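All of these numbers come straight from a predicted model, not from anything done at the bench. Whatever order the structure lists them in is the order used to number ligands and atoms, beginning at 1.
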Amino acid sequence: MPAKTDSFVQTEMLSPTPKGIGRAAALLRAGQLVAFPTETVYGLGADARNGEAVAAIYATKGRPSFNPLIAHVDSIEAAQNLVQWSDQAERMAAAFWPGPLTLVLPLRDGHGISPLVTAGLDTLAVRVPAKACARDLLAAVGGPVAAPSANPSGRISPTSAAHVAAGLGGRISAILDDGPCGVGVESTILGLTGPSGRPPVLLRPGGLASEDIEAVLGQPLVHRNAADPLTAPGQMLSHYAPHAPLRLNATTFQAGELSLGFGPGDFDLNLSASGDLLEAATNLFGHLHRLDALAKPIAVAPVPDQGLGAAINDRLRRAAAPR
Ligand code: TXA
Ligand code: MG
C-alpha cells in the first residue's frame with residue numbers, strides 16, 4: 001500500500017458529552033492523538049507519559065525539531081506531582097488556574113513524563129486549562145496530556161474544530177468539538193526556574209495579560225526579547241503564518257490586498273470594530289484563517305500593544321516574519 005494511504009486514519013468527530021469525552025480519553029490512554037478544545041486554542045493531545053504517542057505529535061504536526069510541549073493537567077495537585085512547587089508557583093496558580101497561564105518549573109523525581117515532552121530539559125511547562133470540557137477530558141484520562149496547538153507546524157493556530165479538521169483531518173484519531181475557543185490566543189508562559197525571590201520571566205505573551213500577573217506579584221516581570229535564545233525554545237520567528245504575505249501596522253490599503261482592521265473603519269474583516277482587545281484576541285486566528293482561504297496578501301491595521309494586545313502583536317509579527 002502506498003505510504004500516503006497507509007497513514008490515512010478516519011478522524012472521529014466527538015461531541016462534548018460524557019460519551020464523547022470518554023471515547024476521547026480511551027483513545028488518548030491507548031496512545032492515539034486526539035485534538036481537544038481549551039479556552040485558548042485547540043490542542044493536539046497525546047499521553048505525556050507515552051514516548052511513542054508524543055513522538056507522533058511531532059511527526060503529525062511536522063514540527064521541525066523537538067521543541068518542548070506543555071503538559072495539561074486537571075488540577076493544581078496533579079501539577080504538583082510533576083514539578084517542584086514553589087511559593088511563586090502557588091501564588092500564580094491560586095490567582096490564575098484554571099486559566100490561560102502556563103508555568104515552567106523544575107521537574108520533580110518520579111514525574112513519569114516522556115523526555116520527548118521536555119525535549120530533554122529538566123524543566124516542564126504545565127497548565128490547568130479553564131474550559132470545562134478540557135478538564136473533564138483530563139480527569140477521564142487520569143494523567144498529564146502533552147498538547148501543542150493542533151495545527152501543522154508554522155501555520156495559523158486553530159480556534160475551532162473545523163480549523164483542526166482542515167489542517168490535520170485524516171491524520172489524527174479524533175477531534176473533540178466544543179465550539180469556538182473563547183480566549184483565542186495561546187496561554188501566557190511564565191518561567192519560574194530562577195533562584196527564589198527572582199521575578200518570573202515572561203517567556204511568551206498570551207491570553208493572560210502580563211499586567212494582570214504583575215498586579216498579583218506586586219513586581220514587574222522580566223521581559224525577554226523574542227530573538228533571545230533563552231525565550232521559550234519553540235518560539236520560532238516565523239509562525240502562525242498564512243500562505244500569502246502579511247503586512248503589519250497598515251494605515252492605508254492597496255488594491256488586491258485584504259484588510260484586517262481594528263477599531264472603526266471599512267475593512268474586509270475587523271478584529272474588533274469597537275477596539276476591544278479581548279474580542280480581537282478571540283477573533284485573531286479565525287479571521288486569519290478566513291482571509292488565508294482567499295489566497296491574497298493581507299494587511300493588518302495597528303493594534304495597541306498593552307494588555308492582550310501584546311499577545312496579538314506577538315502572533316502578528318510572527319505571521320508576518322520572513323519564512
Ligand atoms: O494555550 C496554549 O498554551 C496551547 C493550548 C493547546 O494549551 N498550547 C500551546 O502549545 O500553545 P505550543 O506547543 O504551541 O507552545 C508551547 C510553548 C513553546 O513555545 C515551547 O517552547 C514552550 O511552550 N515550552 C514548553 N516547555 C518549555 C520549557 N520547559 N521551558 C521553556 N519553554 C517551554
Ligand atoms: Mg503552536
Side-chain angles (χ1 to χ4, degrees), residues 33-46 48 54 57-58 60-73 82-84 96-107 111 113-131 133-135 137-138 144-159 163-164 167-168 176 181-194 200-208 224 226 228-241 281 284-285 311 314-315 318-319:
L33 300 187
V34 176
F36 65 98
T38 79
E39 72 280 19
T40 58
V41 300
Y42 274 71
L44 180 60
V54 177
I57 289 181
Y58 289 101
T60 303
K61 277 185 65 101
R63 206 155 158 130
S65 59
F66 289 156
N67 296 317
L69 304 172
I70 298 170
H72 297 69
V73 292
L82 303 175
V83 290
Q84 297 171 35
F96 300 116
W97 277 1
L101 174 68
T102 294
L103 301 178
V104 175
L105 289 156
L107 277 165
H111 55 78
I113 297 281
S114 160
L116 273 182
V117 172
T118 59
L121 297 173
D122 54 9
T123 56
L124 178 70
V126 63
R127 95 171 179 102
V128 180
K131 201 168 176 74
C133 174
R135 270 185 301 138
L137 174 66
L138 294 167
V145 171
S149 51
N151 53 286
S153 186
R155 292 292 163 197
I156 306 166
S157 298
T159 52
H163 295 158
V164 180
L168 298 175
L176 183 58
C181 301
V183 174
V185 289
E186 292 86 347
S187 61
T188 300
I189 306 182
L190 216 52
L192 299 182
T193 54
V201 180
L202 181 70
L203 295 174
R204 176 177 74 181
L208 177 65
R224 277 257 159 80
D228 189 326
L230 291 176
T231 311
Q235 288 274 66
M236 283 157 293
L237 199 54
S238 170
H239 206 123
Y240 311 101
L284 177 68
F285 291 132
D314 171 80
R315 305 306 187 268
R318 290 171 201 284

So, is [X] polar-close to ligand 1, with some N/O to N/O distance under 3.5 Å?
| X | value |
| --- | --- |
| T123 | yes |
| T102 | no |
| N67 | no |
| T38 | no |
| T40 | yes |

Review point. Do L103 and W97 have side chains that get closer than 4.5 Å, going by heavy atoms?
Key: yes

Review point. Quick one: does R63's side chain get under 4.5 Å of L69's, heavy atoms only?
Key: yes

For [X], atoms of ligand 1 separated by under 4.0 Å from a heavy atom:
| X | answer |
| --- | --- |
| A147 | 6 (C), 8 (N), 10 (O) |
| H72 | 5 (C), 6 (C), 7 (O) |
| A125 | 25 (C), 26 (N), 27 (C) |
| R63 | 13 (O) |
| S149 | 9 (C), 10 (O), 14 (O) |
| I189 | 17 (C), 22 (C), 23 (O) |

Which residues pass the side-chain contact (heavy atoms from CB on, under 4.5 Å) test with [X], not counting sequence neighbours?
| X | answer |
| --- | --- |
| P98 | V128, A130, R135 |
| A147 | F36, H72 |
| P152 | R155, L168 |

Looking only at heavy atoms, what is the nearest atom pair of [X] and [Y], with distance?
| X | Y | result |
| --- | --- | --- |
| P200 | L192 | CB-CD2, 3.3 Å |
| V54 | L116 | CG1-CB, 3.7 Å |
| Y42 | C181 | CD1-SG, 3.5 Å |

Review point. Does the side chain of T102 pick up a donor-acceptor pair with the side chain of R204 at under 3.5 Å?
Key: no

Check your understanding: How about T40 and S187: does a side-chain donor come under 3.5 Å of a side-chain acceptor?
Key -> no

Check your understanding: Which residue, V83, T123, L82, forms the side-chain contact (heavy atoms from CB on, under 4.5 Å) with L105?
Key -> V83

**Study point:** Steps toward side chain to side chain donor-acceptor pair (under 3.5 Å) verdict (T38, R127)
**Key:** CA-CA 11 Å; T38 79; R127 95 171 179 102; 3.0 Å; yes

Check your understanding: By residue and atom, what protein N/O/S atoms are less than 2.8 Å from the Mg ion (ligand 2)?
Key -> S149 OG

**Study point:** Within-shell test, T118 vs ligand 1, heavy atom, strictly < 4.0 Å
**Key:** no

Practice item. Examine distances only and state if a side-chain atom of Y58 and a backbone atom of N67 form a donor-acceptor pair shorter than 3.5 Å. Key: yes

**Study point:** Heavy-atom nearest option to atom 2 (C) of ligand 1, drawn from G207, S187, G206
**Key:** S187

Revision key, fill the gap. Of P68, A35, P148, P37, the residue with the heavy atom nearest atom 10 (O) of ligand 1 is P148

